[in-house]
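Every chain is numbered from 1, with letters handed out A, B, ... down the list of sequences.
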Amino acid sequence: MSVLETLKMRGFIDQTTHEEELEEYLGQKGMSCYIGFDPTASSLHVGSLVPIMSLAHMQRAGHRPIALVGGGTGLVGDPSGKTEMRQLLTPELVRQNAEGIKAQLARFIDFSDDRALMVNNADWLVGLEYIPFLRDIGRHFSVNRMIKAESYRMRIESEEGLNFIEFNYMLLQAYDFYILSRDHNCMLQMGGSDQWGNIVAGIDLVRKMEQKQSFGITFPLITTSSGAKMGKTAKGAIWLDSERTSPYDYFQFWVNSDDRDVARFLALFTFLPIDEINELGNLEGAELNSAKAVLAFEATSLAHGSEEAEKALAAAQSMFGSRAIPSTLLPSSSIPREAAAGKADSVPETSFDPAVLEEGIAAFKLFAEVGLANTGGAARRLITQGGAYINNERVETFDYSVSMADMKDGEILLRAGKKKYHKITI
RNA sequence: GGUGGGGUUCCCGAGUGGUCAAAGGGAGCAGACUGUAAAUCUGCCGGCGAAGCCUUCGGAGGUUCAAAUCCUCCCCCCACCA
């Protein structure tokens with residue numbers, strides 16, 4: 001099966017240009033392809049996994065992925081898919097963010113021996129001179145065409161309008177493609193479906209500058225079945241950085257996937273064989289839940305390593321109960337399948353001054369302090385509504401005094417709602 | 001630069017002197033039901049040890065017993081014109 005077919009079957013493809021020629025391009029060995037990553041934050045999040053995974057698939061197929069960090073374009077801001085102008089970043093911040101992103105990509109893609117490249121478009125964009133750029137590059141662009149691009153049209157018609165700096169974004173991204181095609185013989189750019197206009201502009205530019213054929217692939221916008229954008233929760237994005245989103249929370253994010261998303265996510269976010277995923281069919285109840293555990297385990301292994309994934313699984317099992325995972329379910333997964341009572345050591349933990357506990361602290365204060373509720377008021381509500389537990393026993397009154405007497409095995413286990421835990425130690 | 005419209009709590013959005021911590025919706029949180037899912041129903045949804053008090057309606061001043069609401073200046077956004 002060709003990479004293109006693999007990607008297609010796994011749900012990575014929204015549109016491609018020149019499908020037959022592209023198939024031919026990828027039919028050769030060691031071809032390059034690139035995706036741009038915005039350095040808007042120092043960490044990538046789950047929303048970037050589709051591009052990352054597609055690069056990883058390319059590498060597995062013997063090609064050379066190029067990850068382009070938008071250190072230059074990040075200074076401008078891409079209007080695509082955004083309804084308002086983005087906050088402009090300082091060069092210093094962009095550089096820091098690019099560093100963080102690089103480290104994360106390395107978990108998914110092997111950068112050793114030039115098997116993959118990391119480039120930063122600041123290297124060629126920042127020093128550009130306006131007049132030469134206009135004369136050499138700008139002249140190839142028709143404003144008439146540009147304003148017809150979906151990304152611009154949306155903004156032109158919006159209340160917010162389109163700022164000139166953003167209007168230039170397309171030229172810069174097209175220029176990136178031209179540079180990579182010229183310097184690295186990279187003739188394929190991939191990106192989110194909102195990048196279609198920018199990618200096509202790049203293909204046109206490469207043709208005009210170099211008289212060469214290049215290609216584009218876009219990914220579908222991944223939404224959850226409930227319609228939400230992938231990777232965004234009310235608490236914010238799910239980050240790939242373990243400092244921002246702990247491996248346990250990351251694991252939990254995947255377990256909490258909507259039923260309808262499980263098979264699709266397994267195809268997109270794990271490397272498990274597609275035919276095993278297709279065999280899932282219409283699982284229900286506990287089995288489906290096990291499939292979610294596999295999804296979570298595999299996804300966590302990719303982002304944080306199998307050791308962290310095992311810890312997260314064990315922690316989840318000790319909180320929510322453990323059940324064996326049938327060996328026929330996604331057999332290629334290395335998830336531990338025994339029903340095991342693990343030790344919960346991935347639960348957030350706060351250690352307290354013994355004096356505080358000697359004296360006793362009001363339950364609602366404790367919940368607020370430890371972060372299980374945002375404010376004292378919220379904590380009171382939580383308790384009043386019966387959503388607070390200490391050592392898995394419901395807290396009856398908000399001013400219940402938590403003290404040493406509540407210590408069990410050297411810790412107090414707090415729980416808010418069904419899923420949020422916190423340990424108190426001294 | 002001119003003219004007009006606008007900036008309200010996480011988001012959308014009502015509110016044109018007291019009855020406003022501010023309608024309604026969404027999101028969110030908790031409970032029930034479950035499978036750590038979805039849907040549904042119920043309650044909550046600025047802060048405070050909860051009585052009362054304090055902080056909020058772009059910003060700063062002012063009028064008034066009383067201001068999201070009136071006045072002045074400023075900042076920002078949008079539309080049309082230039």
Which base, if any, makes a Watson-Crick or G-U wobble pair with [N], both distances under 3.5 Å?
| N | answer |
| --- | --- |
| B/rC57 | none |
| B/rU19 | none |
| B/rG24 | B/rC12 |
| B/rC48 | B/rG52 |
| B/rA30 | B/rU42 |
| B/rG4 | B/rC78 |

Whole angstrom is fine here: how far is it from [atom1] in [X] over to [atom2] in [N]?
| X | N | atom1 | atom2 | answer |
| --- | --- | --- | --- | --- |
| A/Lys420 | B/rG28 | NZ | P | 12 Å |
| A/Tyr389 | B/rA30 | OH | P | 10 Å |
| A/Asp259 | B/rU36 | CG | C1' | 11 Å |
| A/Leu414 | B/rA30 | CG | C1' | 16 Å |
| A/Tyr248 | B/rU36 | OH | C1' | 8 Å |
| A/Phe364 | B/rA30 | CZ | P | 19 Å |
| A/Asn374 | B/rA27 | CG | C1' | 14 Å |
| A/Phe367 | B/rG49 | CZ | C1' | 16 Å |

* Could you list the residues that satisfy salt bridge (charged side-chain N to carboxylate O under 4.0 Å, His left out) with A/Arg145, not counting sequence neighbours? => A/Asp204
Okay, side chain of [X], backbone of [Y]: is any donor-acceptor separation there less than 3.5 Å?
| X | Y | value |
| --- | --- | --- |
| A/Ser333 | A/Leu330 | no |
| A/Glu276 | A/Leu329 | no |
| A/Asn97 | A/Pro39 | yes |
| A/Ser301 | A/Phe297 | yes |
| A/Thr245 | A/Ser242 | no |
| A/Glu349 | A/Lys423 | no |

How far, in whole Å, is [M] from [N] if one measures between their [atom1] atoms?
| N | M | atom1 | result |
| --- | --- | --- | --- |
| B/rU19 | B/rG6 | C1' | 28 Å |
| B/rA50 | B/rU16 | P | 35 Å |
| B/rA23 | B/rU9 | C1' | 13 Å |
| B/rU42 | B/rG62 | P | 49 Å |
| B/rC80 | B/rA30 | P | 46 Å |
| B/rG18 | B/rA68 | C1' | 13 Å |
| B/rU8 | B/rA60 | P | 16 Å |
| B/rG31 | B/rC78 | C1' | 45 Å |

* Output every pair passing side chain to side chain donor-acceptor pair (under 3.5 Å) with a member in residues 371-392 of chain A, not counting sequence neighbours, ordered by first then second residue. => A/Tyr389-A/Arg394, A/Asn392-A/Arg415
Options [options], nucleotide nearest the side-chain atoms of [X]:
| X | options | result |
| --- | --- | --- |
| A/Asp258 | B/rG49, B/rC48, B/rA37 | B/rA37 |
| A/Arg260 | B/rG49, B/rA38, B/rU36 | B/rA38 |
| A/Asn256 | B/rU34, B/rA30, B/rU36 | B/rU36 |
| A/Ala362 | B/rU34, B/rG49, B/rU36 | B/rG49 |
| A/Arg394 | B/rA37, B/rG31, B/rU36 | B/rG31 |

* Asked: Hey, what's the ring geometry for A/His304 with A/Tyr250, parallel, tilted or perpendicular (30° and 60° as the breaks)?
  -> perpendicular
Under 3.5 Å, N/O pairs linking protein and nucleotides 42-44 of chain B:
residue	atom	partner	partner atom	Å
B/rG43	O2'	A/Gln385	OE1	3.4
B/rG43	N2	A/Gln385	OE1	3.3
B/rG43	N2	A/Gln385	NE2	3.1
B/rG43	N3	A/Gln385	OE1	3.0
B/rC44	O2'	A/Arg381	NE	3.2

Would you mind classifying the nucleic acid contact of [X] as base, sugar-phosphate or nothing, using non-hydrogen atoms under 4.0 angstrom?
| X | answer |
| --- | --- |
| A/Gly417 | sugar-phosphate |
| A/Ala316 | base |
| A/Glu287 | nothing |
| A/Thr384 | nothing |

* Asked: Has the side chain of A/Lys418 got a donor or acceptor that lies under 3.5 Å from a partner of the other kind on the base of B/rU34?
  -> yes
* To do: Ignoring backbone atoms, test whether A/Lys292 places a side-chain nitrogen or oxygen under 4.0 Å from the OP1 or OP2 oxygen of B/rA38.
  => no
* **A/Ser257 side-chain N/O to B/rA37 phosphate OP1/OP2 under 4.0 Å** => no
* Asked: Between A/Val255 and A/Lys365, who's closer to the 5' end of RNA chain B by nearest nucleotide?
  -> A/Val255
* Which residue lies more 5' along RNA chain B, comparing A/Ala416 with A/Gln252 via nearest heavy atoms -> A/Ala416
* Check the side chains of A/Thr350 and A/His422 for a donor-acceptor pair under 3.5 angstrom, ignoring hydrogens and angles. => yes
